Amino acid sequence: MPDSIGIIGAGPAGITAGYLLSKAGINVDIFEADPTYVGGISRTVVHNGFRFDIGGHRFFSKSKEIEALWSEILPHDMITRDRLSRIYYKKNFYTYPLEASEVVTNLGKTESFLCVASYLKAKITPRAQASNLEEWVTGKFGSRLYRTFFKSYSEKVWGKACSEISADWAAQRIKGLSLTTAALASLRPRPPAPPPDDRTKQIKTLITAFRYPRLGPGMLWEVAAERIRCQGGRVMMDSRVQRLEHDPGLGGWHLELTGNPGIRHGPYQHVISSTPLGSIISAIANPLPAELHIAARGLSYRDFLLVALILRPGPSFPDQWLYIHDPDLQVGRIQNFANWSPDMVDGSGRRCYGMEYFCFSHDAIWNLSDQELIAMAARELEALGLAEQGEVVDGCVVRQAKAYPVYDDAYQNRIDTIKSGLARHCPGLHQVGRNGMHRYNNQDHSMMTAMLTVRNILEAESDLDPWLVNQDAEYIETTTGSSFEQPGKLQPKSRL
Ligand SMILES: Cc1cc2nc3c(=O)[nH]c(=O)nc-3n(C[C@H](O)[C@H](O)[C@H](O)COP(=O)(O)OP(=O)(O)OC[C@H]3O[C@@H](n4cnc5c(N)ncnc54)[C@H](O)[C@@H]3O)c2cc1C
């Protein structure tokens with residue numbers, strides 16, 4: 001058993017690792033760059049009595065272990081919400097997932113007929129292999145539905161044409177969804193929330209109910225961090241790891257923090273890192289082959305701005321969030337936090353909407369002042385007809401750098417290079433989580449990669465590969481040369 005383990009990042013991955021290790025009696029030191037919040041991208045920010053997510057965070061997993069861990073950490077504060085989210089397109093609201101009758105009413109009979117015709121054409125003349133998002137969605141839904149319901153929103157999210165976005169993203173995020181499935185789902189009455197232990201067959205894109213911590217996602221990570229402390233672990237805030245050095249003669253890894261060069265933490269036999277894969281390479285002081293540095297510099301990210309607007313009491317929309325497809329507006333989604341949990345707002349009747357902007361940190365919008373962003377977001381809300389002029393009384397801006405790891409043509413090769421290089425040159429250094437593995441995934445995936453890593457550390461015979469966790473937080477082993485998939489290998493060994 002290792003004496004002490006260093007963990008970089010107190011997001012879902014780092015906290016999960018710290019929670020399980022400290023529960024097993026191992027000393028853990030978690031280093032978190034943020035001065036205030038644990039939870040990473042899944043934190044909950046508090047402003048003048050209002051609480052909001054960095055984008056709304058649904059808690060839903062096909063993994064029973066993940067659902068059970070959420071219940072273990074927050075036995076009394078996980079509420080279940082029926083999902084309501086719609087698309088705004090050309091001044092009309094469309095239920096999402098799409099409902100056939102509403103689409104026909106809003107688009108009109110002629111456009112609806114053309115959509116069905118283009119869908120049938122795509123099915124009759126299938127493309128051999130889609131290499132980008134445009135080809136993937138057009139092949140699955142037809143070019144007209146692609147242009148109406150996928151193009152402008154996807155281009156807002158990624159900041160480039162759909163023809164330049166890898167098909168891997170669509171295959172991962174919209175996997176399992178076909179027009180037939182969506183249409184059939186729209187005809188059936190809404191099913192009740194599936195119990196947490198019966199979610200394996202649900203298509204994530206179509207889920208109709210999800211769990212949510214009463215005070216936002218950060219509540220779960222804050223409670224878990226407190227438990228880690230009670231279990232003897234340390235969670236150190238305002239502690240950005242900027243340098244790591246492996247010295248086997250001195251017991252393993254030593255970490256140094258920004259602002260405190262020369263002061264070393266450790267030694268740690270193992271370090272679990274959720275810092276972005278592109279950043280960890282430059283932080284490692286030991287010499288690494290040049291190809292790793294080149295690959296790391298090539299990984300790119302999409303950044304994200306949340307402008308939370310507080311509005312006077314008044315009527316509000318019923319959705320948890322709206323997708324804004326209108327290309328004339330920069331906002332990509334709007335969250336209505338009171339509809340996630342009534343405890344997210346201050347009880348005064350004032351409303352709190354989260355205006356989401358996808359951008360790069362070199363874009364002009366990222367560098368606008370908070371006041372300029374609040375004014376711009378208020379104007380867009382008015383243009384949508386969701387607020388009257390002068391209704392916005394307060395606001396708060398959150399800039400989330402590296403919110404989305406970008407899947408471009410070369411990302412997979414770069415990841416492979418870094419992954420195999422780190423395995424060769426950095427014993428005891430483990431990559432976990434979303435940016436830690438450059439995977440565009442949800443909390444459950446990040447948690448599962450941490451769970452497997454913990455198991456590998458605690459159990460001598462365990463040799464699970466966290467890189468084989470798929471987007472559904474299932475452990476998928478693919479035998480070389482065949483497409484055989486073996487989910488669920490984790491189950492029999494489970495003792496976490
Ligand atoms: C807009 C949006 C909406 C989302 N919605 C959902 C949803 O509905 N459901 C869902 O399950 N998931 C959702 N996600 C995904 C979810 O936020 C992530 O999967 C999850 O937060 C990843 O956890 P992580 O621990 O891997 O990484 P992060 O959350 O990125 O946490 C990493 C932590 O490490 C810290 N860190 C980084 N580098 C260092 C360093 N050098 N030293 C010290 N600390 C460091 C960071 O400050 C951060 O706290 C959403 C994401 C976005 C952007």
Side-chain angles (χ1 to χ4, degrees), residues 33-37 39-57 85 87-88 152-160 216-218 300-314 316-317 319-340 344-346 348 350-406 435:
D34 195 285
T36 314
Y37 297 106
I41 305 172
S42 307
R43 67 192 179 280
T44 299
V45 173
V46 183
H47 172 80
N48 291 341
F50 291 86
R51 312 174 67 88
F52 42 85
D53 308 7
I54 316 308
H57 273 62
S85 59
I87 294 173
Y88 177 82
S152 70
Y153 181 72
S154 304
E155 291 181 354
K156 275 187 199 184
V157 173
W158 293 109
K160 51 183 167 181
S300 59
Y301 305 87
R302 186 84 166 139
D303 307 303
F304 178 86
L305 279 170
L306 182 90
V307 184
L309 298 177
I310 318 290
L311 289 83
R312 287 198 316 248
S316 87
F317 58 91
D319 313 65
Q320 277 102 24
W321 70 94
L322 296 171
Y323 296 97
I324 308 301
H325 281 222
D326 191 323
D328 301 336
L329 297 169
Q330 289 195 68
V331 63
R333 277 190 316 194
I334 304 180
Q335 304 289 337
N336 187 351
F337 290 111
N339 293 340
W340 287 81
M344 297 293 279
V345 287
D346 73 347
S348 66
R350 287 183 294 171
R351 297 155 283 170
C352 178
Y353 294 160
M355 307 285 283
E356 298 185 10
Y357 295 90
F358 310 98
C359 58
F360 294 109
S361 52
H362 54 76
D363 289 344
I365 187 174
W366 181 267
N367 297 304
L368 292 177
S369 70
D370 289 4
Q371 283 317 312
E372 287 169 319
L373 283 166
I374 290 166
M376 183 192 84
R379 280 195 304 276
E380 295 211 324
L381 200 60
E382 289 161 22
L384 284 163
L386 296 173
E388 305 274 319
Q389 206 177 4
E391 278 199 306
V392 172
V393 292
D394 190 10
C396 174
V397 175
V398 179
R399 290 175 176 77
Q400 178 63 52
K402 295 190 169 72
Y404 295 91
V406 168
N435 285 334

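None of these values were measured; they are calculated from a predicted model. Note that these values count all heavy atoms, side chains included, but never hydrogens, waters or copies made by symmetry.
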A.B. asks: Using modelled atom types and a 3.5 Å cut-off, is there a donor and acceptor pairing between side-chain atoms of K402 and backbone atoms of S300?
C.D. replies: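 Such a contact is absent between K402 side chain and S300 backbone.
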
A.B. asks: Hey, does the side chain of Y37 reach the backbone of V46 with a donor-acceptor pair shorter than 3.5 angstrom?
C.D. replies: yes

A.B. asks: Test your reading of the model: is there a side-chain donor-acceptor pair from H325 to the backbone of Y323, 3.5 Å cut-off?
C.D. replies: no

A.B. asks: Would you say the ring centers of W340 and F52 fall short of 6.0 Å from each other?
C.D. replies: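 Ring-ring flag for W340/F52: false, centres at least 6.0 Å apart.
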
A.B. asks: Return the minimal non-hydrogen interatomic distance between G55 and L306, and the atom names on each side.
C.D. replies: N-CD1, 4.1 Å

A.B. asks: The criterion is side-chain hydrogen bond (donor to acceptor under 3.5 Å, both in side chains); which residues satisfy it with R51, sequence neighbours excluded?
C.D. replies: none

A.B. asks: Locate the shortest heavy-atom distance separating I41 from A403; write the atom from each residue and the value.
C.D. replies: CD1-O, 3.9 Å

A.B. asks: Do the non-hydrogen side-chain atoms of Y88 and D326 ever get within less than 4.5 Å of each other?
C.D. replies: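 Yes. Closest side-chain heavy atoms under 4.5 Å.
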
A.B. asks: Counting distance only, does the side-chain N/O of N367 pair as donor-acceptor with the main-chain N or O of A364 below 3.5 Å?
C.D. replies: no

A.B. asks: What residue pairs, at least two apart or across chains, pass salt bridge (Lys or Arg N to Asp or Glu O under 4.0 Å) with a residue in residues 380-401?
C.D. replies: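 Checked against salt bridge (Lys or Arg N to Asp or Glu O under 4.0 Å) - neighbours excluded - the pairs reaching residues 380-401 are R351-E391, D370-R399.
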
A.B. asks: Out of the candidates I374, L368, I334, L381, only one should pair with V307 under the side chain to side chain contact (heavy atoms under 4.5 Å, CB included) rule; please name it.
C.D. replies: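 It is I374; the other options fail the test.
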
A.B. asks: Indicate yes or no for a side-chain donor-acceptor contact from K156 to the backbone of L329 under 3.5 Å, with no hydrogens or angles considered.
C.D. replies: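 Yes; at least one donor-acceptor contact below 3.5 Å.
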
A.B. asks: Decide whether Q320 and Q335 meet the rule of one side-chain donor and one side-chain acceptor closer than 3.5 Å.
C.D. replies: no

A.B. asks: How about S152 and E155: does a side-chain donor come under 3.5 Å of a side-chain acceptor?
C.D. replies: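 No, no side-chain donor-acceptor contact under 3.5 Å.
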
A.B. asks: Keeping N336 on the side-chain end and F317 on the backbone end, is there a donor-acceptor pair under 3.5 Å?
C.D. replies: yes

A.B. asks: Scan residues 301-310 for pairs that pass side chain to side chain donor-acceptor pair (under 3.5 Å), counting only residues two or more places apart or in two chains.
C.D. replies: D303-S361

